[in-house]
Each structure stands twice: as C-alpha cells, then as structure tokens.
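Comments concern the structure below.
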Amino acid sequence: MSIFTDYKKEIMDAAHNERIRIALSRAIKNYRANTNNALRKFPRTIKMAEEVREIKEKAIGEMKELAEQACEAIEENRGKAYIAQTADDALNIIRGLVGSGKLIVKGKSMTGEEIELREHLEELGNKVYETDLGEFIIQQRKERPMHILSPAIHVPKEDVTKLFSKITGQELPPDDIEALVATARKLLRDKYFRADIGMSGANVVAADTGTLFIIENEGNIRLATGAPPVHIALVGMEKLVPTLDDAYKVAEVTWRYANYTIPQYISLVSGPSKTGDIERTIIYGVHGPREFHVIFMDAGRTDLAKHQILRQALYCLRCGGCLYECPVFAVTAGHFGDKYFAGIGAVWAAVISHNIEKAASMAFTCLTCGRCKIRCPMKIDTPEMVVELRKLIAKGAFS
Ligand code: SF4
C-alpha cells in the first residue's frame with residue numbers, strides 16, 4: 001500500500017474511533033474554558049502577544065547570531081554549548097555525551113521527538129524514562145504523542161487504568177484519576193535520584209544570558225534537570241530570542257495560550273549548579289548538576305526562515321491552542337500529523353522532517369478553515385502556509 005492509502009486508512013479509522021472522540025471532546029472543553037479564563041484574568045496577554053510576534057519575527061531572521069551569542073553566554077556560565085547543523089549532528093553530539101549503559105530521565109520535548117531522540121538513546125543501550133505523565137503513558141503504550149502539549153490526549157482514563165493495572169500487577173480502581181497519578185509518581189520517583197543524566201528541551205532561550213526557560217506543571221522537569229549529575233538540553237534554534245526580558249514575554253504568552261493562568265513551575269537554567277559559600281571560591285557541581293550541556297539545533301530552520309510565507313511556522317510557541325480549534329484534529333488527534341500536527345505540522349513535515357508524502361497528505365487534509373489562526377497568539381496564517389505548501393509540493397519543489 002502507498003503511504004497515501006495507509007494515511008487515509010489511519011485517519012479514517014481514527015475518525016471512527018469513539019475513544020479518541022470522547023477524550024478529545026473532554027480536553028477541548030476544558031482547554032477553551034481554562035484559556036478563556038486565563039485571558040480574561042490577564043487581558044494584557046493579548047497586547048503582549050503582539051509584541052511577542054514582533055520579537056519572534058526579528059529573532060527568526062537572526063537565529064544563527066543568537067545561537068552563537070547564547071553559546072558564549074552558556075560557556076561563560078561554565079556550561080557547554082553546541083550548534084548542530086543537522087539532526088544527525090545533534091544525535092552525534094548527544095551520543096558522545098551520553099554513551100551507553102546510562103539511566104536517563106527525560107522531560108517532554110518536541111525537538112527530541114523530531115529527531116527520535118529516545119529511540120536513539122535506547123538503541124545505544126541506555127534505559128530511558130519519559131517523566132511527563134502523558135509521555136510516560138505513550139512510552140508504555142509504545143505509541144507516538146498525539147498532541148504537542150498533551151501527548152496522551154487521545155487516551156481516556158479507562159485505558160490508563162487498564163495500562164497501570166497491568167504495569168503494577170494490581171487492579172486499580174476505575175474512574176480514579178488521583179490513584180493513576182499516584183501510581184505514576186510511585187513508578188518514577190526513585191528514577192530521578194538514580195539517573196545518570198537528565199534531559200530536557202526548552203520553551204524559550206534568552207541569548208544574552210544563555211538562560212533556558214522551561215515551563216511545566218508536574219514538577220518532573222525540576223527533578224529531571226535538577227537531581228541527576230548531568231543535564232543535557234536539546235533546543236530548536238527557533239526558540240532563541242535576544243534578551244531575558246523578551247524570553248519572559250514569550251514564556252508568559254505561551255503559558256496563557258496553553259491554558260494556564262500561571263504554570264506551577266517555571267525553571268530558568270543558565271549553567272551547572274555552583275557555590276561560592278566557602279571563602280568565595282566558586283565550585284561547580286553542588287546539589288544540582290555539575291555538567292550542563294545545551295545543543296542548539298538548526299536542521300532546516302535557517303532554510304525555512306528564508307521562505308517569506310512558510311517562515312511563519314517558526315514563530316510557533318507550541319502552546320497547542322490551534323489544535324484544540326482544528327475540526328480535523330478534534331476527531332483524529334495526532335493521526336492528523338507527523339512529528340508535529342495539523343496544518344502547521346504539514347510545513348514542519350515538509351521542510352524540517354523532509355517527509356514529503358506525509359506533508360502532502362496533511363496539507364490536503366487541512367480544511368484551511370482558519371479557526372487555528374483566530375486562536376493563535378502569533379496570528380500565524382496556517383491556511384496561507386498550507387495553500388503555499390500545496391503549490392510547492394505540486395511543483396515538485398521538495399523533490
Ligand atoms: S501555531 Fe499558534 S496556536 Fe498553534 S501551537 Fe503555534 S503558537 Fe500555538
């Protein structure tokens with residue numbers, strides 16, 4: 001069967017899958033209520049989003065310079081920083097740092113998904129634990145994420161109960177989400193303290209100070225990036241902005257549109273842990289990691305930035321808002337996707353993942369209805385990008 005036939009079958013099966021529809025309709029309802037509430041409470045976010053769009057437009061034109069500046073700042077903070085031109089370069093750097101036989105605790109990272117990081121680490125003989133609850137569920141189900149922020153969005157509680165009952169060998173009570181969360185905590189708790197390496201991505205990076213902003217609610221990132229002796233972060237170059245002040249604004253707009261008034265944790269990481277408490281002598285490696293490595297990955301981003309229409313894909317904050325408004329995503333979840341989802345995901349599939357057949361399938365599935373654009377804090381014109389992408393694919397521009 002061709003990839004198109006496979007895709008059609010996958011997406012039609014998903015559209016007829018009642019469990020996906022139940023899980024998605026619950027999630028969409030909650031997302032809209034929470035986001036509207038957060039925006040009502042902090043109306044300044046709407047104005048700030050306009051400012052952030054300007055920050056991102058400018059930063060995307062200067063990604064290379066910003067990456068170099070961030071590398072210098074991180075090295076000044078006694079971390080190590082690298083620029084990977086390609087996905088393979090990124091994997092080679094990580095391979096060199098990690099080696100094999102390690103226990104790794106990992107936070108959710110779309111950039112990691114993009115280069116299939118967990119699979120590569122496992123192939124090298126490492127034991128990797130996804131620590132985000134949704135990602136942990138997906139890892140245990142041997143599936144791929146179905147949403148950029150809520151990877152297990154398509155899995156209703158009944159299925160999680162079955163899964164965790166199987167893992168623990170104990171019959172967990174149905175309908176008890178608290179018990180499910182407690183089970184995940186128990187399963188993962190000791191791994192943070194036994195791990196050799198913690199891995200993360202970042203939501204935004206300030207080039208002037210080399211500071212990574214990582215937004216989360218579960219506390220898993222705090223533990224994964226704080227407890228092990230080594231922290232490695234993989235970051236797409238589009239996450240760079242010039243200053244700490246810019247980065248804060250990007251972060252605030254991201255979490256508001258990701259349906260949070262305020263997230264439970266915002267970690268700012270600029271280097272390995274240090275102390276000067278004994279005779280003002282600075283020693284690196286105290287309670288937190290003694291090594292901090294950041295890999296800034298290009299992998300097609302600077303090429304994408306050159307395209308007048310498609311470059312908008314790089315302004316994306318990964319708040320996930322558009323996916324909750326997409327009528328196709330509402331019934332198919334991440335089956336309408338590759339590593340990234342829906343209309344905007346088609347651009348990433350074509351230009352970043354070079355998966356043209358998947359990109360074409362997604363571009364022609366998109367209804368170009370524009371509901372995503374209305375919700376998007378960056379006002380990314382996904383229908384415009386999709387129409388352009390269809391033209392480029394038809395012209396054979398990617399072959
Ligand atoms: S395209 Fe816009 S709404 Fe969708 S994830 Fe990106 S920033 Fe959020």
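Order of listing sets the numbers, starting from 1, for every ligand and every atom in it. Being a predicted model, the structure only gives us computed values, none of them experimental.
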ask   = Cationic tip of Lys191 within the cone over Tyr129's six-membered ring, i.e. under 6.0 Å and within 45° of the normal?
value = yes
query = Is there an N/O/S atom in Cys316 at a distance below 2.8 Å from atom 2 (Fe) of ligand 1?
reply = no
key: Residue selection (non-hydrogen contact nearest atom 8 (Fe) of ligand 1) among Cys319, Ala313, Ala49   = Cys319
query = Do Arg318 and Trp348 meet the cation-pi criteria used here (NZ or CZ under 6.0 Å from the six-membered ring centre, within 45° of the axis)?
reply = yes
task = Cation-pi check, Arg375 to Tyr257: give yes when NZ or CZ is under 6.0 Å from the six-membered ring centre and within 45° of the ring axis, no otherwise.
result = no
query = Below 2.8 Å, any N, O or S contact between Cys322 and atom 6 (Fe) of ligand 1?
reply = no
Listed pairs under 3.5 Å, donor-acceptor, residues 262-272 side chains, sequence neighbours left out:
{"from": "Ser267", "atom 1": "OG", "to": "Arg222", "atom 2": "NE", "distance (Å)": "3.1"}
{"from": "Ser270", "atom 1": "OG", "to": "Thr211", "atom 2": "OG1", "distance (Å)": "2.9"}

Give every donor-acceptor pair under 3.5 Å between a side-chain atom in residues 283-293 and any protein atom, sequence neighbours left out.
{"from": "Glu291", "atom 1": "OE1", "to": "His293", "atom 2": "NE2", "distance (Å)": "2.8"}
{"from": "His293", "atom 1": "ND1", "to": "Tyr82", "atom 2": "OH", "distance (Å)": "2.7"}

query = Against heavy atoms of Gly320, which atoms of ligand 1 measure under 4.0 Å?
reply = 5 (S), 8 (Fe)
key: Per-atom contacts of ligand 1 with Leu317, taking only distances under 4.0 Å to non-hydrogen atoms   = 6 (Fe), 7 (S)
query = Which of the atoms in ligand 1, numbered in the order shown and given with their element, are less than 4.0 Å from a heavy-atom of Ile344?
reply = 1 (S)
request  = Give a yes or no on whether Cys372 keeps an N, O or S atom under 2.8 Å from atom 4 (Fe) of ligand 1.
outcome  = no
ask   = Counting heavy atoms not belonging to Arg185, are there more than 12 under 6.0 Å from its CZ?
value = no
